[in-house]
Novice: 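Okay, here's the structure, questions in a sec.
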Amino acid sequence: MKKRWFLFVLALIVFFPFQSSFANQGVKDVGKGSYSLQYPPIDFDSIGDPGYADQQKEPPETIYRTSNVDGPMPTNRWWSSLAVDPYANNHYAHPFSVRQNEKGLNVFYDAPHNVVVHENSEAGTWHIVGAISTDFTIGHSNENNFNDAKVDDYGDWHVRSLAENDSSSLALTYGVGIPYIYAEYTGGHAVIDFPQNPQVWAEEGHVIGFSTHDNKHYAAFAPEGSNWSLNGQTWENPSEFISVAKLPDTRAETLALFGEHAYSVVRETRANFDVNHETNDVITTYSAETEEISGESGNGTLFALYPHQYRHLSAGNVIEGMDLFTIRGDMKLVQGEQFETNLTYTGVLPSLPNAGVDAERLSGYLHEAQDDYPTGQDTYELGKYLGKLSNLAPIADQLGEQALGDDFRGELQQHLEDWLQATDESNAIKGENLFYYNQNWGTLLGYHAAHGSAVRINDHHFHYGYFVKAAAEVARVNPNWAQSDEWGGMVNELIRDFAAGRDDPMYPYLRMFDPYSGHSWADGLATFDSGNNQESSSEAMHAWTNLILWAEATDDQELLDRAIYLYTTEMSAINEYFFDVHDEIHPPEYEPEIVTINWGGKMDHATWWNSGAVEKYAINWLPIHGGALYLGHHPDYVENAYQALKGTNGSEDWNWWSNMVWSYRALTDPVDAQTQMERRIDDYTEFDPGDETIIERGSTKAQTYQWITSLASLGQVNPDITANIPTYAVFNQNGESVYVAYNYDSDPRSITFSDGHEATVEGNSYYVSQGGNGPPPTTPPEEPEQPGDDGKVIERDDFTVTVDENEADRVLTFTPNTPARYVDLHYRLDDGSQENVRMQQEEGRWFLMIPDVENKSLSFRFTYEKNGPQYETEWFSYP
């Protein structure tokens with residue numbers, strides 16, 4: 001009996017091994033971290049809120065796709081509902097609006113008279129709504145009730161659906177930027193049904209030009225010899241292929257132009273990018289592979305370009321006079337196999353340098369922030385806390401408070417290493433604070449989840465971007481931690497989930513980002529009548545910033561290029577569709593200066609919660625960080641937005657998130673921002689996540705003070721001057737350029753700005769110039785900056801310089817008012833080459849002798865360290 005019991009227990013061990021010190025087969029180890037391969041054992045009974053408990057489940061089990069589509073399934077697309085619902089919800093494949101159903105495809109498009117601007121004054125919301133209806137339905141002659149439509153193929157901006165019953169099938173290809181819908185049949189032929197009789201204005205047998213009852217223009221194309229049969233509201237064509245085009249007008253030349261490409265079916269779409277790190281050009285080539293219905297290679301197509309594309313068009317010619325209206329602005333046509341855009345990358349920083357701050361006051365705020373705590377343990381609330389600490393650590397370092405910076409990073413490490421490990425001390429899969437790989441969808445899900453991040457695959461760039469921010473800050477100081485066999489492997493796993501490169505075997509390409517629309521989509525499944533959406537565009541920019549910082553910290557060139565492409569492209573789309581900085585997109589009757597949520601089929605000045613006036617603006621500003629300077633690139637717009645918010649609010653007594661408004665105000669008027677800040681910032685005495693009137697819970701007094709004060713010292717951000725280093729910014733202070741850069745390398749790095757200014761940035765240090773534009777002069781300026789009254793002394797707030805003559809030699813002495821770790825002298829004699837020399841130190845003074853200066857002009861400047869950042873003086877001349 002005992003033996004039999006022993007054998008039974010042994011069998012249990014074999015088939016159900018204990019989760020102890022043995023390897024857990026349900027997890028995948030990645031360096032020192034791991035993720036679960038099994039849905040984790042969530043303790044639902046411990047979750048009091050049923051809605052929050054529902055957030056902890058998995059995405060839908062069923063994916064509507066054919067055998068042609070395998071591998072990781074794309075989500076967060078404008079067409080994602082096709083993979084989720086039997087027939088999909090509305091798709092806004094601009095310039096079309098379409099919807100699948102059991103009969104085929106309902107086709108519609110917005111005209112100006114369809115767009116409605118609506119204000120709900122009681123809720124403080126505004127809406128720009130494009131209608132969705134049916135101008136006609138593309139159907140199948142022998143099938144009126146398809147069971148479903150599945151994803152059969154896709155590219156960077158197109159999708160092909162397949163509906164089939166028995167021997168009948170209907171394949172439909174459409175996409176954003178494609179002014180055609182292609183329909184291919186088996187077991188029958190083309191049928192178009194109209195709810196109202198259209199007006200036919202061109203009838204050429206196999207080609208029909210027609211307009212709807214409300215004067216919207218289309219053309220239907222069939223192969224030559226396959227003539228249309230028009231029978232009232234039902235049209236048929238015996239062909240197994242047709243295409244339908246949206247037309248800007250009814251001119252014969254327009255019909256002829258669209259006819260040239262009506263039989264070239266789009267089979268592949270790609271947006272490939274190239275980053276030039278010397279010029280900061282981000283060149284994107286949009287190409288389409290087409291196939292003639294005869295099976296031969298196509299002769300190109302017509303591309304419909306969004307405003308963020310044609311405004312930066314560098315290759316390809318716009319066809320004048322054929323614009324297509326959409327709610328996202330007019331689209332312009334380009335003909336051919338590809339077109340190209342050129343954007344400029346404007347740089348990011350791990351944080352602003354401490355410029356002009358009161359060190360003692362800032363130190364006090366930093367120490368106060370040590371009492372802050374996470375406002376939740378889901379991926380978003382914990383993420384916001386990680387982002388907060390990540391902003392504080394480099395500020396502390398710059399103050400020379402290394403121990404405090406290390407404390408912040410130590411807490412970051414603790415949280416990261418907990419979440420990046422899927423098992424507990426007994427090697428059992430945890431029920432919270434872990435990531436689980438869902439193989440069905442090819443996605444990494446964090447639990448506890450929030451805002452649909454698990455069940456809908458929402459917001460991964462928002463949530464995981466904060467984790468990457470924290471990892472990048474740890475790696476900035478401790479690169480060994482970021483090695484792939486340490487914790488860097490799991491950080492890269494998170495990045496692959498929301499921003500993978502092409503052909504990743506586990507994750508879809510750029511899950512969150514729409515290469516053609518130019519911005520991210522936040523919703524994974526997109527099962528809304530208005531299509532997909534994104535609210536916090538600024539958190540998308542935060543994510544791409546953090547990829548840049550992580551790539552710099554880990555020397556990952558491929559990721560760096562991808563991240564710069566994402567950052568720069570999303571910025572261009574935000575300026576158009578969220579901010580409308582050119583005042584060309586939003587209708588004149590729409591009063592707010594911002595769209596808070598962009599949808600495929602509408603634009604909202606509203607949030608996903610009941611919000612006040614400030615939140616409807618600031619959700620597209622937060623978090624404030626070293627990559628947020630793009631918010632100030634269009635100062636006229638910033639001023640208009642601020643004044644509009646102030647008008648709506650009624651005063652500068654902000655009802656919520658006051659520090660967000662101050663920080664935004666500082667981009668154009670830091671003096672006013674400082675005045676407002678000083679009135680209220682110290683009323684916030686301790687962290688209270690329930691009261692965000694003064695400080696938004698993801699930010700701090702310390703960073704708010706540092707951001708506003710530093711901008712007052714640095715000036716207005718200037719995106720027109722670039723640098724050949726990814727981590728830089730340039731400012732304009734009273735007409736003088738101020739150059740900032742951060743060097744992630746351990747060795748000094750020489751960089752050049754596009755206006756010719758040159759600098760050497762010490763390893764793991766900030767560089768900040770003070771005054772001066774461009775390279776050193778080849779000859780002394782007409783009115784040189786001379787030493788002081790006695791001809792030998794230069795005095796500034798930060799330093800004193802003396803020039804002593806010793807026969808033909810000159811001795812320069814630089815005395816900083818605060819201790820400096822180094823001082824570099826840059827000088828030129830007459831029109832000779834520039835010399836760069838580290839000065840010698842003696843009792844806090846730095847000196848260097850320049851020989852043989854007599855009868856020669858001497859131009860010189862200094863680079864010096866002050867409390868962490870590196871500063872640069874203007875150029876001086878002697879005599």
Side-chain angles (χ1 to χ4, degrees), residues 270-287 305 307-317 338-350 501 513 515 518 541 544-545 547-553 555-576 581 626-634 716-732 737-745 748-761 766-769 772-776 834 872:
R270 279 212 170 193
N272 291 326
F273 56 86
D274 180 70
V275 178
N276 185 321
H277 291 276
E278 288 300 313
T279 64
N280 278 5
D281 290 332
V282 179
I283 299 171
T284 305
T285 303
Y286 300 82
S287 60
L305 276 59
H308 78 278
Q309 295 169 319
Y310 62 69
R311 206 178 301 280
H312 303 281
L313 189 66
S314 56
N317 296 315
Q338 64 183 43
F339 67 93
E340 185 178 279
T341 62
N342 192 342
L343 299 169
T344 300
Y345 170 62
T346 54
V348 302
L349 292 164
F513 188 76
M541 291 294 284
W544 311 143
T545 296
L547 295 192
I548 294 170
L549 300 181
W550 174 256
E552 274 291 275
D555 195 24
D556 187 336
Q557 188 65 45
E558 192 274 335
L559 175 61
L560 177 64
D561 286 359
R562 195 185 329 145
I564 287 176
Y565 158 74
L566 291 166
Y567 180 93
T568 306
T569 309
E570 184 118 20
M571 178 173 65
S572 72
I574 290 169
N575 283 331
E576 299 288 351
V581 298
L629 291 168
Y630 74 94
L631 293 170
H633 285 179
H634 297 272
Q716 163 70 47
V717 63
N718 179 6
D720 296 330
I721 300 176
T722 62
N724 60 349
I725 187 173
T727 43
Y728 78 95
V730 180
F731 301 86
N732 184 300
S737 291
V738 180
Y739 307 87
V740 179
Y742 184 84
N743 179 12
Y744 273 86
D745 297 344
R749 183 169 177 176
S750 296
I751 62 171
T752 303
F753 291 83
S754 59
D755 65 348
H757 182 83
E758 297 176 346
T760 299
V761 188
Y766 283 90
Y767 164 85
V768 183
S769 74
N773 288 286
Q834 179 177 317
E872 185 177 89

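The structure displayed is predicted, hence computed values, not measured ones.
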Novice: Please tell me if the side chains of Glu340 and Thr285 come closer than 4.5 Å, counting only heavy atoms from C-beta onward.
Specialist: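 Yes. Closest side-chain heavy atoms under 4.5 Å.
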Novice: Check whether any side-chain N or O of Ser754 sits under 3.5 Å from a backbone N or O of Thr722 as a donor-acceptor pair, and report yes or no.
Specialist: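 Pair found, side chain donor or acceptor close to backbone of Thr722.
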Novice: Quick check on side-chain hydrogen bond (donor to acceptor under 3.5 Å, both in side chains): which of Gln309, Arg311, His308 does Glu576 satisfy it with?
Specialist: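 Of the listed residues Gln309, Arg311, His308, the side-chain hydrogen bond (donor to acceptor under 3.5 Å, both in side chains) partner of Glu576 is Arg311.
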Novice: Do the side chain of Gln338 and the main chain of Arg270 share a donor and acceptor less than 3.5 angstrom apart?
Specialist: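 Checked: no pair found.
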Novice: For residues Gly518 and Ala573, report the shortest heavy-atom separation together with the two atoms involved.
Specialist: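 In this case the closest contact between Gly518 and Ala573 is O-CB, 3.3 Å.
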Novice: Given 3.5 Å as the limit, does a donor-acceptor pair link the side chain of Thr284 with the main chain of Thr341, or not?
Specialist: no
Novice: If I take atom CG from residue Asn743 and atom OG1 from residue Thr727, how far apart are they, to the nearest 0.5 angstrom?
Specialist: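 The OG1 atom of Thr727 is 7.0 Å from CG of Asn743, to the nearest 0.5 Å.
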Novice: I need the minimum non-hydrogen distance between Leu560 and Pro726, along with the two atoms involved.
Specialist: CD2-CG, 3.8 Å
Novice: Quick check for you: to the nearest 0.5 Å, what is the distance between Leu549 atom CG and Tyr744 atom OH?
Specialist: 4.0 Å
Novice: Which residue pairs pass the salt bridge (charged side-chain N to carboxylate O under 4.0 Å, His left out) test with at least one member in residues 273-284, sequence neighbours excluded?
Specialist: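 Checked against salt bridge (charged side-chain N to carboxylate O under 4.0 Å, His left out) - neighbours excluded - no pair reaches residues 273-284.
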Novice: Measure from the side-chain N and O atoms of Asn280 to the backbone N and O of Tyr345, and report whether any donor-acceptor pair falls under 3.5 Å.
Specialist: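 Checking the backbone N and O of Tyr345 against the side chain of Asn280, a donor-acceptor pair under 3.5 Å is found.
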Novice: Glu758 and Glu872: which non-hydrogen atoms are nearest, and at how many Å?
Specialist: O-OE2, 3.8 Å
Novice: Does the pair His277 and Asp561 meet the rule for a side chain to side chain contact (heavy atoms under 4.5 Å, CB included), with working shown?
Specialist: CA-CA 9 Å; His277 291 276; Asp561 286 359; 2.5 Å; yes
Novice: Looking at every heavy atom in both Phe731 and Val740, which two are closest together, and how far apart are they?
Specialist: CE1-CG2, 3.8 Å
Novice: Identify the two heavy atoms, one from Ser737 and one from Ser769, that lie closest to each other, and give their separation to 0.1 Å.
Specialist: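 Residues Ser737 and Ser769, closest heavy atoms: O-OG, 4.0 Å.
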Novice: Out of curiosity, Leu566 CG to Ile548 CD1, how far, rounded to the nearest 0.5 Å?
Specialist: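 CD1 of Ile548 is found 8.5 Å from CG of Leu566.
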Novice: Which atom names give the shortest non-hydrogen contact between Tyr766 and Pro350, and what distance separates them?
Specialist: OH-CG, 3.5 Å
Novice: Atom OG1 of Thr752 and atom CG of Asn724: how far apart are they, to the nearest 0.5 Å?
Specialist: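 Between Thr752 OG1 and Asn724 CG, I get 5.0 Å after rounding to 0.5 Å.
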Novice: How are the rings of Trp544 and Phe513 set relative to one another: parallel (under 30°), tilted (30 to 60°) or perpendicular (over 60°)?
Specialist: perpendicular
Novice: Which value, rounded to the nearest 0.5 Å, describes the distance between Leu343 atom CG and Tyr567 atom OH?
Specialist: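 Result: 12.5 Å between the selected atoms.
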Novice: Hey, what's the ring geometry for Tyr565 with Phe273, parallel, tilted or perpendicular (30° and 60° as the breaks)?
Specialist: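 Correct class here is parallel.
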Novice: Just so I know, are the side chains of Leu629 and Thr346 near enough to count as touching, which here means a heavy-atom distance under 4.5 Å?
Specialist: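 In short, these two side chains do not touch, never coming nearer than 4.5 Å.
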Novice: Surrounding CG of Asn276 (heavy atoms of other residues, nucleotides or ligands, distance under 6.0 Å), is the total greater than 12?
Specialist: yes
Novice: Less than 4.5 Å apart, side chain to side chain, heavy atoms only: is that true for Pro719 and Tyr630?
Specialist: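 Result no, sub-4.5 Å side-chain heavy-atom pair not found.
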Novice: Starting at CD1 of Ile721, measure out to CG of Asp755 and round the result to the nearest 0.5 Å.
Specialist: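 These two atoms lie 4.0 Å from each other.
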Novice: Would you call Leu313 and Phe339 a side-chain contact if the rule is heavy atoms closer than 4.5 Å?
Specialist: yes
